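Model, not experiment: these values are computed from the prediction. Side-chain atoms are counted along with the backbone in the values below, which use heavy atoms only and exclude waters and symmetry mates. Per chain, numbering begins at 1; letters A, B, ... match sequence-line order.
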Number of protein chains: 2
Amino acid sequence: MSVTMKMIAKEIGVSVATISHVINGTKKVSEETRRLVLEAIERNNYVPDMTAKNLRRKKTKAAALVISSYPDNYVTKLIHGVGTRARELGYSLMLVNTSENEAYEMEALRLLRANMVDGIILSPATNRIDYLADLQRHLPVVLVNRYDPRFEDIPRVTADDFQAGYDATTHLIQHGHRHIGVIYSVPHVTTTENRLRGYREAILRYGLPFKESWIVRGFGTTEGGRLAVKTLLQQSPEITAIFVLSDHMIIGVVQELRDQSIRIPDDIALIGFGDFEAAAIIDPPLTNVSLQPDTIGRIAFDILANKIVNPEYHKHVSLPTSLIIRKSCGC
Amino acid sequence: MSVTMKMIAKEIGVSVATISHVINGTKKVSEETRRLVLEAIERNNYVPDMTAKNLRRKKTKAAALVISSYPDNYVTKLIHGVGTRARELGYSLMLVNTSENEAYEMEALRLLRANMVDGIILSPATNRIDYLADLQRHLPVVLVNRYDPRFEDIPRVTADDFQAGYDATTHLIQHGHRHIGVIYSVPHVTTTENRLRGYREAILRYGLPFKESWIVRGFGTTEGGRLAVKTLLQQSPEITAIFVLSDHMIIGVVQELRDQSIRIPDDIALIGFGDFEAAAIIDPPLTNVSLQPDTIGRIAFDILANKIVNPEYHKHVSLPTSLIIRKSCGC
DNA sequence: ACCCCTCTTGACGGCGTTTACAAGAAAAAT
DNA sequence: ATTTTTCTTGTAAACGCCGTCAAGAGGGGT
């Protein structure tokens with residue numbers, strides 16, 4: 001079928017070793033044989049078999065990006081950042097989406113452990129990532145966004161979720177809101193938890209009241225956003241502002257408020273989370289927390305690449321977030 | 001480092017062949033040795049080396065998705081569709097983004113040819129995909145969206161771009177528009193060309209005038225959208241409706257029109273292209289053509305999977321599009 | 001003793017990479 | 001001029017790990 005090194009070797013009467021050396025520049029080869037080899041390669045359209053190469057080298061020059069959440073704007077840009085940096089550094093990228101499903105995640109990681117890739121960038125489905133300790137012994141891992149606080153020695157790149165939650169809440173408080181609701185989607189992950197911590201901290205700092213029922217969980221889709229805000233307003237009509245932690249949900253939230261003729265921001269102020277070009281032209285333009293997912297992706301891959309070369313390499317990066325103030329928060 | 005089959009074999013005193021048979025179920029193994037083997041595998045946390053397996057089997061159970069465009073909503077959903085179906089069928093997915101860069105694309109495909117994957121789903125950077133004929137002889141290829149009309153024997157899955165362009169334009173015409181502009185971003189690809197053909201066909205059908213200057217190319221970003229619409233309105237102020245072929249651009253178009261205090265749809269009607277949840281809550285809600293990228297992805301992978309098993313397999317799929325009428329087109 | 005099953009095995013193959021070594025030429029030393 | 005040393009260039013063979021196949025071993029039945 002496909003042409004192999006051996007065939008090239010036979011054709012021009014040199015050994016396979018020589019060909020390998022020409023290709024990889026691992027040894028000096030005379031200009032003449034070199035030319036001979038290159039011509040034969042060109043003529044036969046020869047491409048060295050990656051699989052064989054990988055087997056021998058024990059390297060694949062590939063990395064995996066394992067993502068759990070449904071691809072919203074955030075994830076898309078993360079993928080783009082990782083992918084771009086991977087290509088720049090000569091790596092291929094394997095993409096695994098586990099749909100917030102732990103079983104899939106385990107399966108995927110098990111597969112990846114089998115020398116399929118040189119390293120993994122992981123955004124886990126849950127906080128309790130016990131298997132990480134083991135996995136990490138076999139393969140460099142870098143976490144993005146979500147992590148397990150018990151494993152401090154696994155590199156990670158995150159947005160400063162605590163600060164983001166704190167800033168957004170503070171902003172609302174400073175504009176007179178006293179009863180601020182939160183809608184989130186994925187429980188038991190550090191992203192959500194840290195943002196909520198920031199939210200609570202801000203409330204505490206300003207000595208404001210707080211009720212558990214102001215925090216509502218919903219399914220992370222447009223429809224989930226609708227339902228969540230409906231629930232929230234029913235059980236806590238005192239709410240005057242809502243902080244929505246998910247990209248997709250905020251669309252549903254806006255739709256539902258509009259359907260109920262609740263004005264934004266006059267009746268309910270809104271702050272969203274995530275990166276989202278369209279936010280600027282929504283009615284009203286959406287105030288939201290920007291997270292730089294592209295940059296997170298790039299940095300994560302850089303760290304991974306370093307760790308592949310030097311397993312001792314270790315680094316935590318927490319990127320600043322910024323509150324992009326538009327109209328939906330009423331200021 | 002990592003534990004191999006040989007080590008397991010030695011540990012429990014069976015041959016590697018037996019272990020292989022247990023793992024792959026290729027031959028009957030007595031219940032007792034079977035248990036013995038499985039226990040040893042479990043105990044040692046053994047995972048068969050994929051690379052070696054791939055080399056031997058001449059299969060990788062992986063496919064590549066090579067995309068050229070910047071990840072907008074459309075691409076994101078396409079990736080999701082392909083990825084989901086891939087996992088369902090037991091394949092890993094390699095993602096390559098070539099950023100509309102032909103050189104990257106060539107390089108990536110060359111790499112992929114080296115037995116890295118069993119097949120490729122490709123959305124090429126350009127129409128002129130001469131190398132495809134050759135590539136296809138080595139590896140199953142399925143095209144999505146974009147294709148080369150000269151190669152009818154390469155399977156492809158596309159949206160019915162012609163019909164989409166025709167429908168959108170017709171809709172505008174039926175609502176009284178006589179001077180309809182188009183903003184597109186990527187030239188020389190069938191998607192753009194077919195949509196434009198549909199646009200022209202509709203104009204022709206209704207016996208309307210047509211000027212080349214109504215069709216404007218812009219860079220496929222938000223900023224590109226701004227510039228394009230500015231140019232378009234300057235050189236052709238008679239325009240009363242615009243049909244925007246790119247996801248990202250339409251955001252810029254809306255922004256620019258708003259900045260210039262041009263009302264949508266009263267002064268300029270707008271129809272967008274692509275899938276885009278936020279469209280519903282933009283001011284005004286955006287009428288747009290929906291393309292089902294998720295479905296395109298799934299089908300493309302199905303076809304690829306079939307073609308991997310049976311290289312003769314061949315199929316073209318053209319999916320219907322639908323015009324989702326909201327407010328921006330003025331009806 | 002022979003045949004027939006069932007289970008297990010040893011050895012080979014797949015395709016590059018790498019290492020240790022050989023052969024020949026050139027340079028240096030005698 | 002001859003021997004020794006040093007390079008240069010090229011090679012054969014081992015290696016990585018698993019899958020497969022033909023053949024062997026062991027057990028039971030007749």
Side-chain angles (χ1 to χ4, degrees), chain A residues 1-38 40-41 44-62 110-118 138-139, chain B residues 1-38 40-41 44-62 110-118 138-139:
Chain A
M1 189 74 242
S2 179
V3 42
T4 73
M5 226 168 74
K6 210 190 286 182
M7 293 156 73
I8 301 276
K10 186 172 288 174
E11 179 175 321
I12 56 175
V14 301
S15 78
V16 291
T18 304
I19 297 182
S20 173
H21 287 137
V22 168
I23 292 175
N24 302 302
T26 30
K27 204 165 194 182
K28 178 132 183 120
V29 176
S30 74
E31 200 44 54
E32 194 188 326
T33 37
R34 190 184 144 72
R35 197 181 40 73
L36 207 64
V37 169
L38 287 176
I41 287 177
N44 293 285
N45 235 310
Y46 167 70
V47 184
D49 184 301
M50 267 295 170
T51 314
K53 190 172 189 162
N54 292 343
L55 175 60
R56 183 64 231 237
R57 282 242 183 104
K58 294 226 159 247
K59 285 263 167 176
T60 59
K61 268 286 185 180
R110 188 182 156 78
L111 194 66
L112 291 171
R113 237 195 54 184
N115 286 332
M116 280 204 80
V117 294
D118 297 340
H138 295 270
L139 210 55
Chain B
M1 190 73 242
S2 176
V3 40
T4 72
M5 225 167 74
K6 210 190 288 184
M7 293 157 73
I8 301 275
K10 186 172 288 174
E11 178 174 323
I12 55 175
V14 300
S15 79
V16 291
T18 305
I19 298 181
S20 172
H21 288 137
V22 168
I23 292 174
N24 302 304
T26 30
K27 211 158 197 182
K28 183 130 179 113
V29 177
S30 75
E31 198 45 53
E32 195 188 325
T33 36
R34 191 184 144 73
R35 199 180 38 73
L36 206 65
V37 170
L38 287 177
I41 286 177
N44 293 285
N45 236 311
Y46 167 71
V47 184
D49 184 300
M50 266 296 168
T51 314
K53 193 173 188 163
N54 291 345
L55 176 59
R56 184 65 233 243
R57 282 238 187 107
K58 294 225 160 247
K59 284 258 168 179
T60 59
K61 267 289 185 178
R110 188 184 158 79
L111 195 66
L112 292 170
R113 236 196 55 185
N115 287 331
M116 282 204 80
V117 294
D118 297 340
H138 294 268
L139 211 54

Asker: On a heavy-atom basis, which atom in A:Ser20 and which in A:Met5 lie closest, and how many Å separate them?
Answerer: CB-CE, 4.2 Å
Asker: Quick one, A:Leu38 and A:Val22 - any side-chain contact, counting heavy atoms below 4.5 Å?
Answerer: yes
Asker: Taking only the side-chain nitrogens and oxygens of A:Thr51, find out if one of them lies under 4.0 Å from OP1 or OP2 of C:dC15.
Answerer: no
Asker: Measure from NE2 on B:His21 to C1' on C:dT9 and round the result to the nearest Å.
Answerer: 10 Å
Asker: Considering every strand and a 4.0 Å limit on heavy-atom distances, what is the contact class for B:Asn115: base, sugar-phosphate, or nothing?
Answerer: nothing
Asker: Rounded to the nearest angstrom, tell me the gap between atom NZ in A:Lys28 and atom P in C:dT18.
Answerer: 19 Å
Asker: Separation of A:Ile19 atom CD1 from C:dT18 atom C1', in whole Å?
Answerer: 15 Å
Asker: Please check the phosphate of C:dG16 (OP1 and OP2 only) for any side-chain N or O of A:Tyr46 closer than 4.0 Å.
Answerer: yes
Asker: Of all the heavy-atom pairs spanning A:Val117 and A:Thr60, show the shortest one and how long it is.
Answerer: CA-OG1, 3.4 Å
Asker: OP1, OP2 of C:dT8 versus side-chain N and O of B:Ser30: anything below 4.0 Å?
Answerer: yes
Asker: Taking all heavy atoms of B:Asn54 and all of B:Lys59, pick out the closest pair and write down the distance.
Answerer: OD1-O, 3.0 Å
Asker: Reckon B:Ser15 has a side-chain N or O less than 4.0 Å from the OP1 or OP2 of C:dT8?
Answerer: no
Asker: Heavy atoms only: give me the nearest A:Arg113-A:Leu139 pair and the separation to one decimal.
Answerer: CA-CD2, 4.2 Å
Asker: I want to verify a distance call: between C:dG16, C:dT18, C:dT9, whose nearest atom is closest to the A:Thr26 side chain?
Answerer: C:dT18
Asker: Below 4.5 Å, heavy atoms only, C-beta onward: do B:Val29 and B:Val37 meet side chain to side chain?
Answerer: no
Asker: State whether the distance check finds a donor on one side and an acceptor on the other, under 3.5 Å, for side chain A:Lys53 versus base C:dT17.
Answerer: no
Asker: For B:Lys27 and B:Val47, take the nucleotide of DNA chain D holding the closest heavy atom to each; which residue's nucleotide lies nearer the 5' end?
Answerer: B:Val47
Asker: Under 4.0 Å between any heavy atoms, over every strand shown, what does B:Thr4 touch: base, sugar-phosphate, or nothing? Just pick one.
Answerer: sugar-phosphate
Asker: What are the two closest heavy atoms between B:Ile23 and B:Tyr46, and how far apart are they?
Answerer: CD1-CE2, 3.7 Å
Asker: Hey, are A:Glu31 and A:Arg34 close enough for a salt bridge, meaning a charged N less than 4.0 Å from a carboxylate O?
Answerer: yes
Asker: What is the separation between atom CD1 on A:Ile23 and atom P on C:dT18, rounded to the nearest whole Å?
Answerer: 12 Å
Asker: To the nearest Å, give me how far apart NZ (A:Lys6) and C1' (C:dT17) are.
Answerer: 14 Å
Asker: By side-chain hydrogen bond (donor to acceptor under 3.5 Å, both in side chains), which residues pair with B:Asn115, not counting sequence neighbours?
Answerer: A:Asp49
Asker: Taking all heavy atoms of B:Pro48 and all of A:Ala114, pick out the closest pair and write down the distance.
Answerer: O-CB, 3.1 Å
Asker: Using a cut-off of strictly less than 4.0 Å between a heavy atom of the residue and any atom of DNA chain D, enumerate the qualifying residues of residues 54-62 of chain A by number.
Answerer: A:Leu55, A:Arg56, A:Lys58
Asker: Separation of B:Glu31 atom CD from C:dT6 atom P, in whole Å?
Answerer: 16 Å
Asker: First and last nucleotide of DNA chain D touching chain A, 5' to 3', heavy-atom cut-off 4.0 Å?
Answerer: D:dT9 to D:dC17
